[in-house]
Number of protein chains: 2
Amino acid sequence: MPDIRVLLVDDHPVVRAGLRAMLADFDGVTVVSEAADGGAALAELSRLNALGEPVDLVLMDLQMGRGMDGATATGRIKAGAAGTPPPPVLILTTYDTDADILAAVEAGAAGYMLKDAPPEQIRQAVLSAAAGQTALAPGVAARLMGHIRNPETALSPRELQILELLATGLGNRAIARQLFISEATVKTHLVHIYAKLGVDNRTAAIAVARQRRIIRDS
Amino acid sequence: MPDIRVLLVDDHPVVRAGLRAMLADFDGVTVVSEAADGGAALAELSRLNALGEPVDLVLMDLQMGRGMDGATATGRIKAGAAGTPPPPVLILTTYDTDADILAAVEAGAAGYMLKDAPPEQIRQAVLSAAAGQTALAPGVAARLMGHIRNPETALSPRELQILELLATGLGNRAIARQLFISEATVKTHLVHIYAKLGVDNRTAAIAVARQRRIIRDS
DNA sequence: GGCCGGATCAACCAATCGGTTGATCCGGGG
DNA sequence: CCCCGGATCAACCGATTGGTTGATCCGGCC
């Protein structure tokens with residue numbers, strides 16, 4: 001039974017060192033290479049494929065400083081940009097917003113773990129993802145289930161879009177202009193957003209949305 | 001010349017593993033113990049002091065999930081809560097807001113490094129801090145210098161207080177009530193805040209303040 | 001004493017926001 | 001066909017915010 005060959009992708013040297021050390025303790029897992037952002041990960045996957053040394057699993061963060069982010073890279077990998085069959089991608093990150101989780105899952109990530117997870121959980125996730133199964137951190141799984149279970153409090157895609165623009169500092173008229181809709185439509189969506197979040201003004205909506213990880217920094 | 005004895009404090013096992021591995025490569029540095037939050041760090045320092053095995057340097061994150069945060073722990077350590085002479089504290093974190101840096105510096109941290117720093121920079125910082133010198137990441141030093149150099153764009157303490165309340169979702173009247181001032185005073189401060197941040201509405205002020213690390217999550 | 005920054009307060013008015021009511025259209029599902 | 005959710009739009013009015021002008025007081029500094 002050959003080892004699971006893993007590519008580590010994280011912009012923090014400390015984290016890569018920690019993962020290297022942690023995975024070295026896992027039987028059946030070998031770190032074959034590393035990259036500091038999504039672009040470098042794609043290049044490294046291509047390089048290893050060309051050498052006939054394909055990777056079995058990509059373990060990757062979402063945010064990579066100024067480099068290509070993990071969700072974009074996941075989409076590219078799943079689309080075969082670095083060779084086929086594309087290896088599964090396991091996200092390991094500090095970010096647990098709904099938007100982050102959904103973006104990664106939609107991009108094709110096989111799993112989503114948080115960096116505060118103990119080694120044993122990460123080991124299980126690595127084995128599951130490499131075996132083609134889904135691997136979600138308990139908190140992440142709970143959030144997705146909560147999202148499905150409480151649709152009345154979930155914002156619609158359009159509502160989320162407007163909330164994100166609101167949080168960048170745009171007023172109603174500017175949001176309307178950007179989305180080619182009327183200001184009345186923006187106000188209607190805001191009424192719905194406030195009701196769903198249980199608030200009565202825009203700054204409170206932003207605060208609650210940030211607190212609940214519905215949005216985060218742009 | 002005995003090794004510098006280091007206590008690692010970080011809530012993420014991955015990061016602790018990475019630091020352990022990284023510091024193992026530094027000549028003259030030994031990781032003697034670890035803790036997952038500020039409270040555990042204080043207890044561990046006390047325990048090692050009682051064993052006659054004092055720590056030379058605490059390498060600590062700021063945010064520790066639900067445990068005691070790094071700035072509070074730093075203040076306690078410097079106040080002698082875990083024994084004297086208190087060891088220097090080197091902060092290693094992802095957070096680089098003005099408020100975070102100032103809080104840690106005011107609490108008595110000997111240095112402030114960011115987690116994206118390469119190993120050699122971390123090594124230099126460890127050696128400097130253990131030797132009683134200041135160790136600041138280049139970006140952090142630049143922020144502090146910028147802060148001193150551009151006082152006209154720096155918010156006054158009262159302005160910052162109002163901005164923070166604004167970001168929690170309070171309207172002018174609620175802020176006024178909380179601070180026992182008039183709504184006119186709140187509006188006057190907001191005028192000043194908007195001018196300093198170069199914006200013309202409250203959501204933009206919050207967004208810019210977050211972007212510039214003037215405020216962050218409450 | 002004068003100057004400055006910071007904090008406080010008021011009045012006034014225009015602009016924007018929030019709330020309400022009402023409506024239409026579309027697509028999907030039963 | 002009906003129902004529902006989602007998206008879009010309008011009108012109206014009250015509430016809040018933003019902008020402007022003006023003022024006072026305090027503490028620190030020269």
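None of the values given here were measured: they were computed from a predicted structure. A note on names: the letters A, B, ... follow the listed sequences, proteins ahead of strands, and every chain is numbered from 1.
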**OP:** Before giving the answer on side-chain contact (heavy atoms from CB on, under 4.5 Å), spell out for V55(A) and V6(A) the whole-Å C-alpha distance, their side-chain angles and the decisive distance to 0.1 Å.
**Re:** CA-CA 6 Å; V55(A) 164; V6(A) 175; 5.9 Å; no
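- With rounding to the nearest 0.5 Å, the separation of NZ in K196(B) from CD in E159(B) is 3.5 Å.
- With sequence neighbours excluded, the residues satisfying side-chain hydrogen bond (donor to acceptor under 3.5 Å, both in side chains) with R47(A) are E44(A).
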Which atom pairs, one a donor and one an acceptor, fall under 3.5 Å between side chains of residues 67-75 of chain B and the rest of the protein, sequence neighbours left out?
residue, atom, partner, partner atom, Å
D69(B), OD1, A71(B), N, 3.0
D69(B), OD1, T72(B), N, 2.9
D69(B), OD1, T72(B), OG1, 3.3
D69(B), OD2, T72(B), OG1, 2.8
T74(B), OG1, G70(B), O, 2.6

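- Protein atom CG of L155(B) is 10 Å distant from nucleotide atom P of dG6(C), rounded to whole Å.
- Between the C1' atom of dT16(C) and the CD1 atom of I175(A) lies a distance of 12 Å, rounded to the nearest Å.
- The CD1 atom of I193(A) sits 14 Å away from the C1' atom of dT8(D) (whole-angstrom rounding).
- Put simply, H192(A) has no side-chain N or O that comes within less than 4.0 Å of OP1 or OP2 on dG6(D).
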Below 3.5 Å, can you tabulate the donor-acceptor pairs from side chains in residues 7-16 of chain A to any protein atom, sequence neighbours excluded?
residue, atom, partner, partner atom, Å
D10(A), OD1, H12(A), N, 2.8
D10(A), OD2, K115(A), NZ, 3.1
D11(A), OD2, G65(A), N, 3.2
R16(A), NE, E34(A), OE1, 3.0
R16(A), NH1, D10(A), O, 2.6

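- Taking the side chain as every heavy atom from C-beta outward, L166(A) and L170(A) never approach each other to under 4.5 Å.
- For the OP1/OP2 pair of dA10(D) and a distance below 4.0 Å, the side-chain nitrogens and oxygens of S182(A) include at least one atom meeting the criterion.
- Contact check, S156(B) against dG5(C): no side-chain N or O comes under 4.0 Å of OP1 or OP2.
- The separation between H189(B) atom NE2 and dG6(C) atom P is 11 Å, rounded to whole Å.
- Here the P atom of nucleotide dT17(D) and the CG atom of L165(B) are 13 Å apart, to the nearest Å.
- Within 4.0 Å of T185(B), counting heavy atoms only, lies at least one base atom of the nucleic acid.
- Taking CG of L62(B) as the start and CG of L92(B) as the end, the distance is 9.5 Å to the nearest 0.5 Å.
- For the pair Q178(A) CD and dT8(D) P, the computed distance is 14 Å after rounding to whole Å.
- T84(A) places no side-chain N or O within donor-acceptor distance of the main-chain N or O of G80(A), the cut-off being under 3.5 Å.
- At its two ends the helix from dG1(C)-dC30(D) to dG30(C)-dC1(D) runs along axes set 30° apart, each axis drawn from five pairs and the angle rounded to 10°.
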Tabulate atom names and distances for all N/O pairs under 3.5 angstrom spanning the protein and nucleotides 18-24 of chain D.
residue, atom, partner, partner atom, Å
dG18(D), OP1, Y194(B), OH, 3.3
dG18(D), OP1, R202(B), N, 3.0
dG18(D), OP2, Y194(B), OH, 2.7
dG18(D), OP2, R202(B), NE, 3.3
dG18(D), OP2, R202(B), NH2, 2.7
dG18(D), O6, K187(B), NZ, 2.9

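- Distance L166(A) CG to dG18(C) C1': 13 Å, rounded to the nearest Å.
- For the pair R177(B) CZ and dC9(C) P, the interatomic distance rounds to 15 Å; values are reported in whole Å.
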If you look only at distance, which donor and acceptor atoms sit under 3.5 Å apart when one is on a side chain in residues 175-185 of chain A and the other is two or more places apart or in another chain?
residue, atom, partner, partner atom, Å
S182(A), OG, A184(A), N, 3.3
S182(A), OG, T185(A), N, 3.1
S182(A), OG, T185(A), OG1, 3.1

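- Of the candidate nucleotides dA7(D), dA10(C), dT8(C), dT8(C) has the atom lying nearest to any side-chain atom of I181(B).
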